[in-house]
Structure formats: structure tokens, C-alpha cells
Amino acid sequence: MFCFVRLCFGTLVRLLRSRHSLLLENLTLRQQLVVLKRRHPRPKLDLSDKLFWLLVRRSWSGWKQALLVVTPETVVRWHLAGFRWYWRMISKTRKPIGRRQIPREVRDLIFQMMAENPSWGAPRIHGELLMLGLDIG
């Protein structure tokens, strides 16, 4: 009797769920079957399996209920590891930091302009350098 009530309740719940949610649950369960059918004593998850679960985690709110192969904390850990890897790769690029160095001759010219024209400010000196063809920040 209890099994029949549970079956009726489960059927009712599934009928009220959205088609999108059912399709995602079906997809996730099929992906786990593929992992479990591999001929290893303990199923190994490939990079594609991990990426699949990361995408499912971002796009479906009920992903934890369909997860059988690993724990939900493992999927979250993969996600955080992906963020760490991304920022590690971003920080490895060697871009020059800050402004470009101004050549010594240009600095000497700026100081000479300041000494000869004390009423000129930075915008005026910058304008004069632009007229000479020197574009500095």
C-alpha cells in the first residue's frame, strides 16, 4: 500500500514539473550512466564530464537531486578550481604595468621648459610637446 501511495505521489510531482526540468534531469542521469558503464573498477571522470556538471550547475537549480556519481561539494570544488585556474592564467600574462618610461632627453626638455617659462602649467607644456610630435601621458 505504501509503495502504491509513493508511486502515485511521485507521478503527481513529475506531472507538475516543467518539461525543461525533466529534460535536464534525464540528460544528467544519462550522463552518469555513461560514466558508470566505463570498464574501470572505479569510474573515472574525464574533463568533459567535469565541464558537463559545471554547466549543469550553472543552468539548472535541481542539479543536486540528480547527482549520483560524485557529491555536490565536489562539483562546487571543480567550479572553484576553474576560477583559480582562470585567474592564474590571467596573472601570468606579462603586460607592462604603469606608464611607459619617458626618455631622458624628453624629461630634460620638460624641466628646461619649466625653468624658462614659470607661468606655464602642465597642460600648456603638454600641448607644446604635442606640437613637437612627442605624445606622452
Side-chain angles (χ1 to χ4, degrees):
M1 180 68 179
F2 178 71
C3 290
F4 179 71
V5 171
R6 191 175 74 183
L7 179 66
C8 290
F9 182 72
T11 305
L12 181 66
V13 168
R14 282 179 178 73
L15 285 174
L16 296 176
R17 286 167 68 182
S18 70
R19 181 166 172 76
H20 178 71
S21 178
L22 285 175
L23 287 174
L24 282 173
E25 183 178 6
N26 192 5
L27 179 67
T28 57
L29 291 173
R30 285 178 185 268
Q31 194 273 339
Q32 291 179 78
L33 281 176
V34 168
V35 170
L36 290 173
K37 284 182 181 178
R38 294 185 186 146
R39 300 287 183 204
H40 299 291
R42 183 174 176 204
K44 297 284 184 181
L45 293 171
D46 297 337
L47 180 62
S48 61
D49 299 325
K50 293 178 182 181
L51 290 174
F52 171 80
W53 279 106
L54 293 177
L55 290 173
V56 168
R57 179 179 180 257
R58 291 187 57 97
S59 63
W60 183 38
S61 62
W63 66 276
K64 287 183 183 180
Q65 288 79 21
L67 189 59
L68 300 172
V69 177
V70 294
T71 62
E73 291 80 22
T74 304
V75 177
V76 172
R77 191 172 61 240
W78 293 339
H79 206 169
L80 294 175
F83 279 119
R84 282 194 299 270
W85 176 82
Y86 173 77
W87 287 108
R88 192 178 320 123
M89 291 299 116
I90 292 292
S91 66
K92 282 186 178 181
T93 60
R94 297 291 179 201
K95 296 178 184 174
I97 298 172
R99 273 191 270 173
R100 294 180 307 205
Q101 285 286 337
I102 299 174
R104 182 82 174 148
E105 298 82 25
V106 175
R107 275 187 276 158
D108 291 339
L109 178 62
I110 292 171
F111 288 126
Q112 181 183 354
M113 289 172 127
M114 285 173 42
E116 292 175 0
N117 306 298
S119 63
W120 287 5
R124 174 77 186 262
I125 293 174
H126 185 254
E128 294 293 327
L129 290 172
L130 285 175
M131 286 192 288
L132 293 174
L134 301 171
D135 188 16
I136 62 171

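It should be emphasised that the depicted structure is a prediction, and the values quoted were computed from it without experimental measurement.
Contact of the I125 side chain with the E128 side chain is not registered, since no non-hydrogen atoms from C-beta on lie closer than 4.5 Å. Inter-residue side-chain proximity for H79 and R58 is flagged as met; some heavy-atom pair is nearer than 4.5 Å.
For the side-chain contact (heavy atoms from CB on, under 4.5 Å) test, residues two or more places apart in sequence or in another chain that qualify with V76 are R57, W63, L80. Remark: E105 engages no residue in a side chain to side chain donor-acceptor pair (under 3.5 Å) (not counting sequence neighbours). In this view, L24 and H20, W60 satisfy the side-chain contact (heavy atoms from CB on, under 4.5 Å) rule, not counting sequence neighbours.
Atom CZ of F52 is separated from atom CD of Q31 by 5.0 Å, given to the nearest 0.5 angstrom. One finds the CH2 atom of W78 at 10.0 Å from the CG atom of L47 (value rounded to the nearest 0.5 Å). Annotation: the span from L109 atom CG to I102 atom CD1 amounts to 11.0 Å, rounded to 0.5 Å. Here the CZ atom belonging to R84 is positioned 9.5 Å from the CZ atom belonging to R77, to the nearest 0.5 angstrom. The CD atom of Q112 lies 9.5 Å from the CG atom of N117; values are rounded to the nearest 0.5 Å.
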Going through the distances and angles, do L27 and L23 end up as a side chain to side chain contact (heavy atoms under 4.5 Å, CB included)?
-> CA-CA 6 Å; L27 179 67; L23 287 174; over 6 Å; no

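Put simply, W120 and V106 are part of the same group of oily side chains (I, L, V, M, F, W, Y) that touch within less than 4.5 Å, one to the next. Residues M131 and L129 do not share a hydrophobic cluster, clusters being chains of Ile/Leu/Val/Met/Phe/Trp/Tyr side chains in contact below 4.5 Å. In terms of hydrophobic clustering, with Ile, Leu, Val, Met, Phe, Trp and Tyr side chains grouped at heavy-atom distances under 4.5 Å, L54 and Y86 are assigned to different clusters. Follow the hydrophobic side-chain contacts under 4.5 Å out from L51 and you never reach F83; the two are in separate clusters.
H126 places a side-chain N or O within donor-acceptor distance of the main-chain N or O of I136, the cut-off being under 3.5 Å.
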